[in-house]
Every structure is written in structure tokens, then in C-alpha cells.
Protein chains: 2
Amino acid sequence: MNADYLKKLKQDHFKITPKRRAILDLFDREDKCLTPETIWEHLKKTFKQSGLPGIYRNLELFVKQGILIRIDREGRKRYYALCHDHSGHHHHHIVCVECGRVDDFPVCHFPDIKSTKGYKILSHSMQINGICKSCQ
Amino acid sequence: MNADYLKKLKQDHFKITPKRRAILDLFDREDKCLTPETIWEHLKKTFKQSGLPGIYRNLELFVKQGILIRIDREGRKRYYALCHDHSGHHHHHIVCVECGRVDDFPVCHFPDIKSTKGYKILSHSMQINGICKSCQ
DNA sequence: CTATAAATAGAAATAATTTCTGTTTATCCT
DNA sequence: AGGATAAACAGAAATTATTTCTATTTATAG
């Protein structure tokens with residue numbers, strides 16, 4: 001359920017609009033990473049002319065809110081996926097290179113070094129590419 | 001020195017053109033990640049009208065050859081950086097969010113699990129963001 | 001129920017990247 | 001060294017992802 005996401009938005013005084021509901025519902029249903037355009041294709045059915053710019057705006061909002069994450073894939077399109085774990089625990093994501101399914105991936109043995117090669121480390125992100133059960 | 005890179009290209013029957021030399025020299029000199037456009041700006045000085053399309057083509061070739069890597073940064077531009085370690089050892093890269101300097105980062109405690117959550121793991125990439133010595 | 005700030009639609013602009021065509025050039029071979 | 005050949009080049013033009021802008025609509029707080 002995406003009730004969590006809606007709660008999150010509400011807490012931060014963002015409005016729960018039909019479009020936002022629809023985008024989050026879509027992610028719940030599709031269960032994989034999506035491009036802005038794909039999302040738009042789906043929403044067009046329900047919202048006659050929903051407009052790509054609105055999709056972009058909302059996607060970036062969701063990323064800022066920690067509801068979605070951006071996924072890198074081949075090609076020059078942007079992909080987004082639901083981030084299921086909102087516990088605040090550090091985790092990463094594993095992406096199926098075939099179908100685009102994305103799951104949380106809790107394991108990370110990143111060393112507890114605060115500084116390496118003279119760098120002060122701010123953050124790190126890891127993307128794991130694989131093939132999911134149903135694509136194998 | 002970038003003699004290594006040239007040797008690598010030669011081995012795979014790619015031609016050593018002045019432009020390719022110039023691009024690799026530039027990466028050596030700048031010692032940070034660059035966008036295709038920045039590279040073009042530099043090359044214009046030497047090669048009157050060198051052409052962006054050629055830059056793109058060469059950058060992607062260098063990535064395929066393992067000479068350059070792609071770096072993710074804010075904004076919608078593509079960044080490339082030299083991959084200094086050609087030993088074949090598994091490593092990652094650390095990027096200065098201020099100046100774009102990139103260094104190899106050998107530490108990676110990725111678990112030796114071949115399959116997780118039903119996924120067959122193919123590869124993983126980690127990007128570490130930090131602030132380099134001279135930007136601190 | 002109303003006021004208001006935020007979100008929307010839609011058009012239009014921007015800018016990154018790719019494709020294409022004809023010309024030039026590095027390299028291999030003799 | 002010189003010629004043949006496949007690869008790389010320049011340049012223009014097309015494509016397409018993303019952003020910006022303006023006027024209108026809508027969700028929410030009071």
C-alpha cells in the first residue's frame with residue numbers, strides 16, 4: 001500500500017492530488033522502474049492530457065521526499081523506482097537488467113572510514129545489476 | 001602518462017588519431033571528470049572546429065575500452081573521467097562534489113553472494129561522493 | 001464555505017545527444 | 001616510400017529528453 005507515501009507527503013504539507021495518487025499507484029502496480037514517459041502513457045488513459053512537465057515535477061518531488069529513487073540504466077532516459085524501505089536504515093537497490101524490477105538490498109559493508117585518499121566522504125550509492133527470479 | 005591507453009587502443013586495432021591523443025591528454029592534464037562540451041571547448045583551440053559528435057563517439061569508445069568511466073553528477077550532463085587502475089582489480093571511484101576530481105577507490109566489501117532475493121547478480125557499481133583535499 | 005497557496009495543463013523553449021553524408025586520414029601491406 | 005582500405009573525421013541537421021513559463025484550477029486550512 002502507498003498510504004505511507006501519502007502520509008509522508010501530508011506531513012510535509014504537500015497536497016495529495018489525484019495525479020500524485022495515480023503516479024504512486026502505478027509504481028505500486030508495475031513494481032519496477034519507470035521512465036517519465038511510460039508513466040505519462042499510463043496516466044493519459046485516466047487523465048486526458050495529463051502533461052509530461054507535471055510528471056517530471058512530481059517525480060523529482062518524490063525523490064526529494066525519499067519516496068522514489070533514480071535508477072541508472074542503458075540509454076539516455078531517466079528511470080525511477082519505489083523505495084520500499086522507509087525505516088531510515090542504510091540500504092541500496094538491485095535492478096533487473098531485463099525487466100527493470102527493483103528491490104531493496106540491505107547489505108552494505110562500506111568501510112567505516114570517514115576519510116580516504118584525503119577525501120572527506122559525504123555519501124555513496126551503489127547500484128547492483130542482476131536478473132530477477134522471473135526473468136532467469 | 002597515457003601511453004598505456006594508446007597501447008590499449010592499438011591492440012584492439014583502433015587508430016591513434018590526433019584528436020584521440022588530444023582528448024586523453026586533456027584528461028591527464030585536467031585530472032577530473034569532464035563533460036563532452038568542456039572537452040570540445042578545449043579542443044576547439046587546437047583543432048579549429050573539431051565537432052561535438054566526434055567527441056561523443058570517442059568518449060563512448062574509451063568507455064568501452066575501459067579507459068574512461070562515466071560519472072554521475074547533479075544536472076543532466078554526462079561526465080567522464082580517467083580510470084587510472086588498469087590492473088583488472090575490482091575498484092570504484094570517488095568524486096569530489098566541488099571540483100569533480102576523481103580517484104580510484106579500491107576498497108569494496110561487497111559480499112560474496114551470487115544470488116540475493118532471487119536475483120542472479122551480474123555486476124555492481126558504487127559511486128562515492130566526497131570533498132577532495134584541496135577543496136576542503 | 002471561503003481564502004490561499006500549491007498544483008495543474010499546455011505551449012514553447014532549451015539543450016543534450018544522435019544520425020547521416022561525404023571527405024579525410026592512419027595504418028597495413030608490398 | 002607509396003597505395004589501398006577501413007576507420008575516423010567534420011559539419012549539418014534531426015531527434016528527443018527535460019525545463020520554463022503563464023494562466024487556470026484545486027486541495028486544504030481555518
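In what follows, chains are A, B, ... by sequence order, proteins preceding strands, each numbered from 1.
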A.B. asks: Which whole-number value in Å describes the distance from A/R21 CZ to D/dT26 P?
C.D. replies: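 These atoms are roughly 16 Å apart.
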A.B. asks: Just by distance, no angles: are the side chains of A/D72 and A/Y79 close enough, under 3.5 Å, to form a donor-acceptor pair?
C.D. replies: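 Their side chains do not contain a donor-acceptor pair, so the 3.5 Å distance test is not met.
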A.B. asks: How many whole angstroms separate atom CD1 of B/I16 from atom P of C/dC28?
C.D. replies: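 Spelled out: CD1 on B/I16 to P on C/dC28 is 10 Å.
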A.B. asks: Rounded to whole angstroms, how far apart are OH on B/Y56 and P on D/dG11?
C.D. replies: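 In whole Å, D/dG11 P lies 17 Å from B/Y56 OH.
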A.B. asks: How close or far is atom C1' of C/dA26 from atom CZ of B/F14, stated in whole angstroms?
C.D. replies: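 The distance from CZ of B/F14 to C1' of C/dA26 comes to 14 Å, rounded to the nearest Å.
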A.B. asks: Find the distance B/K77:NZ to D/dT18:P and express it as a whole number of Å.
C.D. replies: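 Roughly 15 Å, once rounded to whole Å.
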A.B. asks: With respect to the side chain of B/R76, which nucleotide from C/dA15, C/dT18, D/dT28 is positioned closest?
C.D. replies: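 Minimum distance to the B/R76 side chain belongs to C/dA15.
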A.B. asks: Answer with yes or no whether A/K19 presents, from its side chain, a donor or acceptor under 3.5 Å of a partner atom in the base of C/dA7.
C.D. replies: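 Flag unset: no donor-acceptor pair detected.
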A.B. asks: Just call it for B/P53: base, sugar-phosphate, or nothing, with non-hydrogen atoms closer than 4.0 Å on any strand.
C.D. replies: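 Base contact - B/P53 has a heavy atom under 4.0 Å of at least one base atom.
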A.B. asks: Can you check the B/N58 CG to D/dA10 P distance for me, whole Å?
C.D. replies: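 Atom-to-atom, B/N58 to D/dA10, this comes out as 9 Å.
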A.B. asks: So if I take every side-chain heavy atom of A/R57 and compare against C/dT27, C/dA7, D/dA8, which nucleotide ends up nearest?
C.D. replies: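 Selected nucleotide: C/dA7.
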A.B. asks: If we ignore angles and hydrogens, is there a donor and acceptor under 3.5 Å between the side chains of A/H93 and A/D103?
C.D. replies: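 No, no side-chain donor-acceptor contact under 3.5 Å.
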A.B. asks: May I ask you to evaluate whether A/R78 reaches the phosphate of D/dT18, defined as a side-chain N or O under 4.0 Å from OP1 or OP2?
C.D. replies: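 True: A/R78 side-chain N/O within range (under 4.0 Å) of D/dT18 OP1/OP2.
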A.B. asks: So, does A/T17 get its side chain near the phosphate of C/dT8, meaning an N or O under 4.0 Å from OP1 or OP2?
C.D. replies: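 Answer is yes, contact under 4.0 Å.
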A.B. asks: Would you find a donor on one side and an acceptor on the other, under 3.5 Å apart, between the side chain of B/R21 and the backbone of B/I16?
C.D. replies: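 Here the side-chain-to-backbone pair does not exist.
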A.B. asks: What is the distance from CD of A/Q65 to P of C/dA6, rounded to the nearest Å?
C.D. replies: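 Distance check: A/Q65 CD to C/dA6 P gives 14 Å.
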A.B. asks: Which comes earlier along DNA chain D counting from the 5' end, the contact point of B/I55 or that of B/H13, where each point is its nearest nucleotide?
C.D. replies: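 Counting from the 5' end, the first nearest nucleotide belongs to B/H13.
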A.B. asks: Report the distance from atom NZ of A/K44 to atom P of C/dT8, rounded to the nearest whole Å.
C.D. replies: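 Going from A/K44 (NZ) to C/dT8 (P), I get 18 Å.
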A.B. asks: Side chains of residues 53-62 of chain B: which donor-acceptor pairs under 3.5 Å do they make with residues two or more places apart or in other chains?
C.D. replies:
unit_1: B/N58; atom_1: OD1; unit_2: B/R20; atom_2: NE; d: 2.7
unit_1: B/N58; atom_1: OD1; unit_2: B/R20; atom_2: NH2; d: 3.3
unit_1: B/N58; atom_1: ND2; unit_2: B/G54; atom_2: O; d: 3.2
unit_1: B/E60; atom_1: OE2; unit_2: B/Y80; atom_2: OH; d: 2.5

A.B. asks: Given C/dT17, C/dA7, D/dC9, which nucleotide is nearest the side-chain atoms of B/L52?
C.D. replies: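 The answer is C/dT17.
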A.B. asks: Look only at the side chain of B/Q136 and the backbone of B/I131, and say whether a donor-acceptor pair between them is shorter than 3.5 Å.
C.D. replies: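 Side chain of B/Q136 to backbone of B/I131, a donor-acceptor pair under 3.5 Å: yes, one is there.
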A.B. asks: Could you please name the option among C/dA9, C/dT27, D/dG11 that lies closest to any side-chain atom of B/K15?
C.D. replies: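 Among C/dA9, C/dT27, D/dG11, the one nearest the side chain of B/K15 is C/dT27.
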